[in-house]
**Student:** 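Take a look at this one; I'll ask things after.
Indexing begins at 1, ligand by ligand and atom by atom, following the structure's order.
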Amino acid sequence: MRSHLLNDTTAEHYRRSVTEGVERVAAKLATTERPFTGVTVDALAPVIERIDLDRPLHDTTAALDELEDVYLRDAVYFHHPRYLAHLNCPVVIPAVLGEAVLSAVNSSLDTWDQSAGGTLIERKLIDWTAARIGLGAAADGVFTSGGTQSNLQALLLAREEAKTRDLAALRILTSEVSHFSVQKSAKLLGLGPDAVVSIPVDHDQRMQTVALARELARCAEDGQVPMAVVATAGSTDFGSIDPLPEIAELCAQYGVWMHVDAAYGCGLLASLKHRDRIDGIEHADSVTVDYHKSFFQPVSSSAVLVRDAATLRHATYHAEYLNPRRMVTERIPNQVDKSLQTTRRFDALKLWMTLRVMGADGIGRLFDEVCDLARDGWRLLAADPRFDVVVEPSLSTLVFRYVPAAVTDPASIDRANLYARKALFASGDAVVAGTKVAGRHYLKFTLLNPETTTADITAVLDLIAGHAEQYLGESLERAS
Ligand SMILES: *Cc1c(COP(=O)(O)O)cnc(C)c1O
């Protein structure tokens, strides 16, 4: 069994095993014709159920053969140009290489004495990101597991910086289309059930700053204490970007912490064409970025950035065994002092390899391509009488629904769209997402694959229309 430990005597086994795995994945990527096989839970669950975890195979090849059945064959493949559903990107090869290196060396980024150069690399990437945002000389931050954790940490800092300790009085103001992790964070931070104040959005799904101003004034009158305004730079459903400069002005006027959730929109930080769409982000007190969304990085890779490094002290605890206080005066850099996590992956290495091989412009070009594709897709949809499309895209999301001329009952249209999404998933021909707009069911393309073409978009729209028509035809037959 010792032969399975990665060390000086097992280098050859390591090389062979990992290469064998890489070969399997490479073969899979080369031959995957559809983003999904359409497998059902009922079909797949028994395959996994049958595996006896107490009877190991003692053989890498056999385990990989088995993996084909339990996972690889039926996985949902984000690299496929007709995977158009959620905020999952195809990944860039330098980052995958980084992933292989970081898990083999297995540094832990909580302390200098478990990471050495890893800590300095992460710090340099944080500085690089903060500079791209324009947060100023006192900025800092830390890598996290994802946007959810980044938002939680930012709101923890905001709560600690708030002007009251009375948790019941604290309010977080955010648009009605902001991410649900804001609600979750409020709960975890011990705030009251009404802590999150939902600000209405305009026609383009952007926070209405007039309403924000009104709510800030109302809070003051009602003795409530706004601890943060969470602006969304790229809403999950629409890619809409809140008016950051106006929100920044209001935050300054009322002395409220401004958090920008740029989990999705952070790709614009590398953009060569559309960087101006997130102008105003430099006024933030804290920013969430998800490199695993618009920087084409494998999950997980995210960071929370802050304007003032000193605010990170709210996440600091000293443990004698790990990061004793004296290390601060000895100037030993321990990232755990800034993080909610303790043991932590060296995810930063993936971004490092990406920037060293491709450069930020390489990433920015890929993101610009999908933004431009979304604009072309929007034009296609707007010109197609079969579809109703909402919100001209600021990033790479299209939200639309099939609206047959002959059917006027909105509930039937809802059902036809829900059916089309399900039928498409079951066919495996394409994967799309869905959401609700003004109470009605819509479909959604999140375009993050530069390999997707307008021809793919047209083909998938035809498939959707076909499934929806079939559903409506059958329900007409049932009714008559
Ligand atoms: C995806 C997303 C999040 C959550 O990020 P995870 O990495 O999935 O935890 C937060 N905010 C926005 C706007 C998002 O799109």
**Student:** Kindly write out the residues that satisfy side-chain hydrogen bond (donor to acceptor under 3.5 Å, both in side chains) with Ser301, not counting sequence neighbours, or none if the list is empty.
**Tutor:**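 side-chain hydrogen bond (donor to acceptor under 3.5 Å, both in side chains) list for Ser301, sorted by chain: empty.
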**Student:** Is Gly234 close enough to touch ligand 1? Criterion: a residue heavy atom under 4.0 Å from a ligand atom.
**Tutor:** yes
**Student:** Suppose we measure from atom 9 (O) of ligand 1 to each protein heavy atom; which comes out shortest, and what is that distance?
**Tutor:**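 The answer is Thr148 OG1, 2.6 Å.
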**Student:** Is there a heavy atom of His292 sitting under 4.0 angstrom from any atom of ligand 1?
**Tutor:** yes
**Student:** Can you confirm whether or not the ring centre of Phe36 sits under 6.0 Å from the ring centre of Tyr77?
**Tutor:** no
**Student:** Quick one: look up the protein heavy atom nearest atom 14 (C) of ligand 1 and list residue, atom name and how far away it is.
**Tutor:** Lys293 NZ, 2.9 Å
**Student:** Could you identify the single nearest non-hydrogen protein atom to atom 12 (C) of ligand 1 and state the distance to 0.1 Å?
**Tutor:** Asp261 OD2, 3.4 Å
**Student:** Any sub-3.5 Å donor-acceptor pair from Thr209's side-chain atoms to Leu212's backbone N or O?
**Tutor:**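 Pair absent, no side-chain N/O of Thr209 close to backbone of Leu212.
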**Student:** For Tyr291 and Ser300, does a side-chain donor sit closer than 3.5 Å to a side-chain acceptor?
**Tutor:** no
**Student:** Could you tell me whether Arg313 and Glu160 have a side-chain N and a carboxylate O separated by less than 4.0 Å?
**Tutor:**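 Glu160 and Arg313: not salt-bridged.
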**Student:** Between Tyr442 and Asn417, do the side chains contain a donor N or O and an acceptor N or O under 3.5 Å apart?
**Tutor:**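 No - no donor-acceptor pair under 3.5 Å links their side chains.
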**Student:** Just heavy atoms, cut-off under 4.0 Å: does Asp290 contact ligand 1 by side chain, backbone, both, or neither?
**Tutor:**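 Looking at Asp290 and ligand 1, just side chain atoms fall under 4.0 Å.
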**Student:** Give the atoms of ligand 1, by number and element, whose distance to some non-hydrogen atom of Leu87 is under 4.0 Å.
**Tutor:**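 Reading through ligand 1 atom by atom, the close ones are 15 (O).
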**Student:** Name the closest protein heavy atom to atom 6 (P) of ligand 1, giving the residue it belongs to and the distance to 0.1 Å.
**Tutor:** Gly147 N, 3.3 Å
**Student:** Should Thr236 be counted as touching ligand 1, given the test is an N or O pair under 3.5 Å?
**Tutor:** yes
**Student:** Give the contacting part of Thr288 toward ligand 1: side chain, backbone, both or neither, where contact means a heavy-atom distance below 4.0 Å.
**Tutor:**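 Neither part.
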**Student:** I'd like to know whether CZ of Arg73 has more than 12 heavy-atom contacts from other residues, nucleotides or ligands below 6.0 angstrom.
**Tutor:**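 Buried by this count: over 12 neighbours within 6.0 Å.
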